[in-house]
Participant: 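Structure provided below as structure tokens; questions to follow.
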Amino acid sequence: MNQRSRLSLVVIQIFIASLMFALFGRLFYLQVAAGPKYRDAALSIQSRDVVTPANRGFIVDSSGVPLALNKVGLAVTVDRTKIDQLPDKGAAVIQDLVSLLGLNFADVWQRTRLCGELPVGQKDGCWTGSRFQPIPITKEADPQLALRIVERSDRYPGISATPVAIRSYPQTLGLNGGHVLGYVGPLTEEDLSGANGRNYFRSEVIGKTGLEYVYDKYLRGTPGIKTYIVDRKEAVTTTSQNTKPIAGNHLVTSLDVRLQAATDLALADAVNRARASGYPADGGAAVVLDVTNGQVLALSSYPTFDPNAFEKGLTVKQAKDLYSEKTGVPALNRVLQGLYAPGSTFKAVSIVAAKDAGYDLNASYQCPKEVQVGNRAFQNFESKSQGTLNMKQAIAVSCDTIWYKIAYDEWVRDGGLTPKSNPHDYFFKAAEKFQMDVKTGIDLPSESAGRLANRAWRAEWYKQNKNFYCNYTTRAPKSAQTPFLVLLAHENCIDGDKIRAGDAVNFSIGQGDTVVTPIKLAQMYAAIANGGTLWKPTIAKAIVSTNGKVIRTFNPQSQGEIGVDKSVIAFLHDALHEVTVSGTSAPVFSGFPIATAGKTGTAQVFGTNANGSAKADTSWYASFAPATNSKYAVVMMVSQGGFGASTSAVGVRRIYETLFGVKGNTVIPGLALFPDGNPPSKLPRISPATKPKPSILNPGEAVLSATPSPSVKAKAKN
């Protein structure tokens with residue numbers, strides 16, 4: 001054998017040895033190193049989990065009245081994995097089913113479509129969960145009809161009927177509470193992926209918004225799991241685990257059902273009153289705070305929605321209406337998501353600025369009908385001259401021109417269009433003390449931050465918009481190229497990064513680019529009422545287990561002091577009380593037996609409505625009461641609602657009537673919600689709900705023990 005043949009043989013031997021080594025290495029990995037993993041996988045193929053979702057905890061008000069609880073219903077569900085296998089994808093079955101149940105085919109068909117399989121713009125009312133979940137088309141089926149469906153599985157393939165727990169929101173005293181309570185819904189694929197750090201089972205429902213969302217981890221409970229070991233024919237051989245569901249904990253809130261219902265009604269009345277006066281009044285907000293600790297006693301947004309509708313199943317129209325401009329976007333929580341110019345309610349901040357700038361709050365000032373600022377005359381409200389006023393009277397009658405003059409003078413002293421390296425910026429800094437551009441941190445989702453249009457904001461705004469304004473005639477639509485807007489764009493292109501004289505004077509009366517949410521304005525006025533502390537608005541008071549054990553309490557949280565001298569606070573109390581005695585809200589509060597303090601606001605809005613009409617003013621009333629030793633802050637806003645006094649102030653008075661037990665101009669003993677002036681501090685006892693009539697499909701069900709039907713699924717959590 002020559003040398004070349006020997007070399008070839010050695011190479012072959014090495015190759016074969018390498019293959020054998022790799023083979024034995026792989027066998028070792030599969031049988032030893034990865035043995036447990038594949039053993040578990042093999043077992044999972046042979047196991048089935050039956051998941052029983054837990055009863056969801058109650059949400060109650062400060063006295064224990066249920067705001068959200070559970071009741072028993074009969075659900076008719078669709079299994080998409082089965083009906084999708086039918087030639088028509090189940091259309092005939094669903095058509096037959098809706099005829100039996102008296103439902104609308106288009107709504108039910110949309111309700112059983114996955115949102116991800118529908119084109120953009122056609123997702124209203126779609127199923128946000130998975131095709132592997134039973135999709136309910138109704139949860140309030142008639143028991144006799146449900147039995148017919150169960151007995152005719154050949155006629156209704158993929159259709160089931162089963163008892164379920166329905167989340168119920170009792171509308172006690174006409175209360176709605178949709179924006180504060182929220183609602184529950186099915187899991188999405190994102191939820192199932194564990195992206196939020198929580199593990200779910202497909203058969204569960206979770207909070208989607210409001211308190212249901214924020215405190216879902218407490219309310220949801222722990223589902224029960226029974227794991228069966230099955231053979232290849234799916235016959236059960238044994239049970240490997242059996243855990244019972246653990247009911248969710250209860251949430252005790254600071255809300256008062258009587259006050260919440262009264263606030264809902266007062267806000268709706270204010271909107272309707274504005275419309276009767278010819279204003280569009282496209283929405284509103286109202287909030288009541290305990291000024292001593294920031295607890296939210298009532299929170300209303302208009303228009304609202306019925307949270308029970310999500311359990312019943314939204315129709316396509318209902319789903320579209322939630323986000324439609326024509327219906328006022330009911331899904332929008334205007335209390336903490338709506339941003340509006342504060343108007344004259346901002347003058348409480350301007351008082352702080354004037355004092356810091358050295359102005360004597362006890363001196364008298366001229367209130368002419370207009371003030372010339374550059375080449376523009378800024379008008380007083382209704383172009384009226386009020387003569388010579390002291391500052392308290394100026395707040396009472398809401399003089400604008402005093403503030404125009406002060407703000408313009410301070411702007412000039414700070415350098416005007418060529419500001420000093422370290423300008424005083426008294427008005428901006430006064431607003432910063434109140435944290436106007438900082439979220440309140442309320443325990444509800446999706447709060448918006450206000451906008452404080454100071455120098456830093458202006459510079460950033462210019463950076464983002466310079467190109468648009470400098471090319472306005474080519475980039476703006478023709479409808480927006482009016483002579484005024486073209487001139488404005490030219491000015492913004494040249495010096496849009498600077499605080500101009502007009503910006504300064506508008507800022508002083510709460511106009512221009514500064515906007516706030518109603519909850520932020522309520523927090524600000526609560527700080528004035530309590531002497532200077534900005535309390536974080538909170539709704540949750542405690543988490544209580546089903547056996548009455550307090551698991552967690554939520555203590556008041558201070559977000560700092562506004563840093564205003566006590567003498568200025570005292571002046572504001574007197575001046576804001578004077579508003580109700582001789583000022584803009586005096587006709588509304590005339591004869592009211594409780595001394596209150598407040599400020600009207602009528603904020604001008606730039607732009608047009610969909611019908612081409614000019615937008616109407618935003619109506620505000622910000623207040624606290626009693627005027628001394630204050631307990632409550634109440635703020636109401638009606639978008640495009642007209643004057644602050646005639647719209648919002650009237651609504652606020654009605655809320656105070658409920659709080660203090662006032663009829664006409666008389667306090668009726670025993671009618672005050674909180675006789676000693678303080679909302680309940682002691683946690684209530686949460687009592688079981690009354691049992692409903694037994695269900696023929698599940699005669700033992702009750703409100704507290706309503707357990708959703710178990711579902712069979714693969715072992716791995718989703």
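The figures that follow rest on heavy atoms only: side chains count, while hydrogens, waters and symmetry mates do not. Note that the coordinates shown come from a computational prediction; the quantities given were computed from them, not determined experimentally. The chain is numbered in sequence order, starting from 1.
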Participant: Would you please say whether a donor-acceptor pair under 3.5 Å links the side chains of Asp61 and Thr253?
Facilitator: no
Participant: Rounded to the nearest 0.5 Å, what separates atom CD1 in Ile442 from atom OG1 in Thr440?
Facilitator: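 Answer for the CD1-OG1 pair, Ile442 versus Thr440, is 5.5 Å.
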Participant: Calculate, to the nearest 0.5 Å, the distance between atoms OG1 and CE belonging to Thr263 and Met636 respectively.
Facilitator: 7.0 Å
Participant: Can you tell which of Leu289, Leu576, Val291 makes a side-chain contact (heavy atoms from CB on, under 4.5 Å) with Tyr525?
Facilitator: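 When Leu289, Leu576, Val291 are each tested with Tyr525, the side-chain contact (heavy atoms from CB on, under 4.5 Å) holds only for Leu576.
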Participant: Going by distance alone, is a donor N or O of one side chain under 3.5 Å from an acceptor N or O of the other, for Gln260 and Asp256?
Facilitator: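 Side-chain D/A pair, Gln260 to Asp256: absent.
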Participant: Do Met436 and Met524 have side chains that approach each other closer than 4.5 Å (heavy atoms only, starting at C-beta)?
Facilitator: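 Side-chain contact under 4.5 Å: yes.
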Participant: So, do Leu173 and Leu175 sit near enough that their side-chain heavy atoms are less than 4.5 Å apart?
Facilitator: no
Participant: Look at the aromatic rings of Phe674 and Tyr632 and report parallel, tilted or perpendicular, splitting at 30° and 60°.
Facilitator: tilted
Participant: Does the side-chain hydrogen bond (donor to acceptor under 3.5 Å, both in side chains) test come out yes or no for Glu311 and Ser168, once each step is laid out?
Facilitator: CA-CA 8 Å; Glu311 281 288 76; Ser168 176; over 6 Å; no
Participant: Do Val296 and Val288 have side chains that approach each other closer than 4.5 Å (heavy atoms only, starting at C-beta)?
Facilitator: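 In short, these two side chains do not touch, never coming nearer than 4.5 Å.
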Participant: Between Ile159 and Val76, is any pair of side-chain heavy atoms under 4.5 Å apart?
Facilitator: yes
Participant: Side chains of Ser300 and Val287: does their closest heavy-atom pair fall under 4.5 Å?
Facilitator: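 Of all side-chain heavy-atom pairs linking Val287 with Ser300, none is under 4.5 Å.
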Participant: Look up atom CD in Gln337 and atom CG in Leu444, then write down how far apart they are to the nearest 0.5 Å.
Facilitator: 9.5 Å
Participant: Any heavy-atom pair between the side chains of Tyr302 and Asn272 that's under 4.5 Å?
Facilitator: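 Asn272 reaches Tyr302 side chain to side chain.
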Participant: Whether the Gln435 and Gln523 side chains hold a donor-acceptor pair (N or O, under 3.5 Å, no angle test) is what I'd like checked.
Facilitator: no
Participant: Does the side chain of Tyr621 pick up a donor-acceptor pair with the side chain of Arg653 at under 3.5 Å?
Facilitator: no
Participant: Between Asp216 and Arg56, does any NZ, NE, NH1 or NH2 come within less than 4.0 Å of an OD or OE carboxylate oxygen?
Facilitator: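 Result for this pair is yes, salt bridge flagged.
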Participant: For this output row, return yes or no: ring centroids of Phe310 and Phe305 closer than 6.0 angstrom.
Facilitator: yes
Participant: Measure across Thr658 and Arg258 and return the closest heavy-atom pair with its distance rounded to 0.1 Å.
Facilitator: CG2-O, 4.4 Å
Participant: Show, in sequence, the C-alpha distance, side-chain angles and deciding distance for His250 and Thr546, and conclude whether the side chain to side chain contact (heavy atoms under 4.5 Å, CB included) test is met.
Facilitator: CA-CA 7 Å; His250 305 311; Thr546 53; 4.0 Å; yes
Participant: Of all the heavy-atom pairs spanning Arg80 and Thr112, show the shortest one and how long it is.
Facilitator: NH1-O, 2.6 Å
Participant: Under a 3.5 Å cutoff, is there a donor and acceptor pairing between the side chains of Glu561 and Thr533?
Facilitator: yes
Participant: Quick one: do the Thr517 and Tyr340 side chains pair a donor with an acceptor below 3.5 Å?
Facilitator: no
Participant: Can you give me the closest heavy-atom contact between Val635 and Ser623, atom names plus distance?
Facilitator: CG2-N, 4.4 Å
Participant: With side chain to side chain contact (heavy atoms under 4.5 Å, CB included) as the criterion, how do Phe592 and Ile594 come out once you've worked through the C-alpha distance, each side chain's angles and the decisive distance to 0.1 Å?
Facilitator: CA-CA 6 Å; Phe592 195 71; Ile594 305 296; 3.7 Å; yes
Participant: Under 4.5 Å between any side-chain heavy atoms of Pro626 and Phe660, yes or no?
Facilitator: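 SC-SC contact between Pro626 and Phe660 confirmed.
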Participant: Rounded to the nearest 0.5 Å, what separation is found between the CG atom of Leu297 and the CG atom of Leu673?
Facilitator: 9.5 Å
Participant: Could you tell me if Tyr215 and Asp443 have a donor-acceptor pair between their side chains, going purely by distance under 3.5 Å?
Facilitator: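 Side-chain D/A pair, Asp443 to Tyr215: present.
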Participant: Would you give the length of the straight line joining atom NZ of Lys520 to atom CG of Leu336, rounded to the nearest 0.5 angstrom?
Facilitator: 12.5 Å
Participant: How far does CG of Leu255 sit from OG of Ser63, to the nearest 0.5 angstrom?
Facilitator: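 Leu255 atom CG to Ser63 atom OG measures 11.0 Å (nearest 0.5 Å).
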Participant: Does the side chain of Asp124 pick up a donor-acceptor pair with the side chain of Gln318 at under 3.5 Å?
Facilitator: no
Participant: Taking side chain as C-beta onward, heavy atoms only, is Thr77 less than 4.5 Å from Ser160?
Facilitator: yes
Participant: Please report the C-alpha distance between Leu251 and Phe58 in whole Å, then the side-chain angles of each, then the deciding distance to 0.1 Å, and finally whether the side chain to side chain contact (heavy atoms under 4.5 Å, CB included) criterion is met.
Facilitator: CA-CA 6 Å; Leu251 172 65; Phe58 293 178; over 6 Å; no
Participant: Between Asp290 and Lys631, does any NZ, NE, NH1 or NH2 come within less than 4.0 Å of an OD or OE carboxylate oxygen?
Facilitator: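 Between Asp290 and Lys631 there is no salt bridge, as every charged N stays at least 4.0 Å from the carboxylate O atoms.
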Participant: Centroid-to-centroid, His573 to Phe624, below 6.0 Å?
Facilitator: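 Yes, the ring centres sit under 6.0 Å apart.
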Participant: Could you give me the CA-CA distance, side-chain angles and deciding distance for Arg220 and Ile206, then say whether side chain to side chain contact (heavy atoms under 4.5 Å, CB included) is met?
Facilitator: CA-CA 7 Å; Arg220 186 166 61 95; Ile206 60 173; 3.9 Å; yes
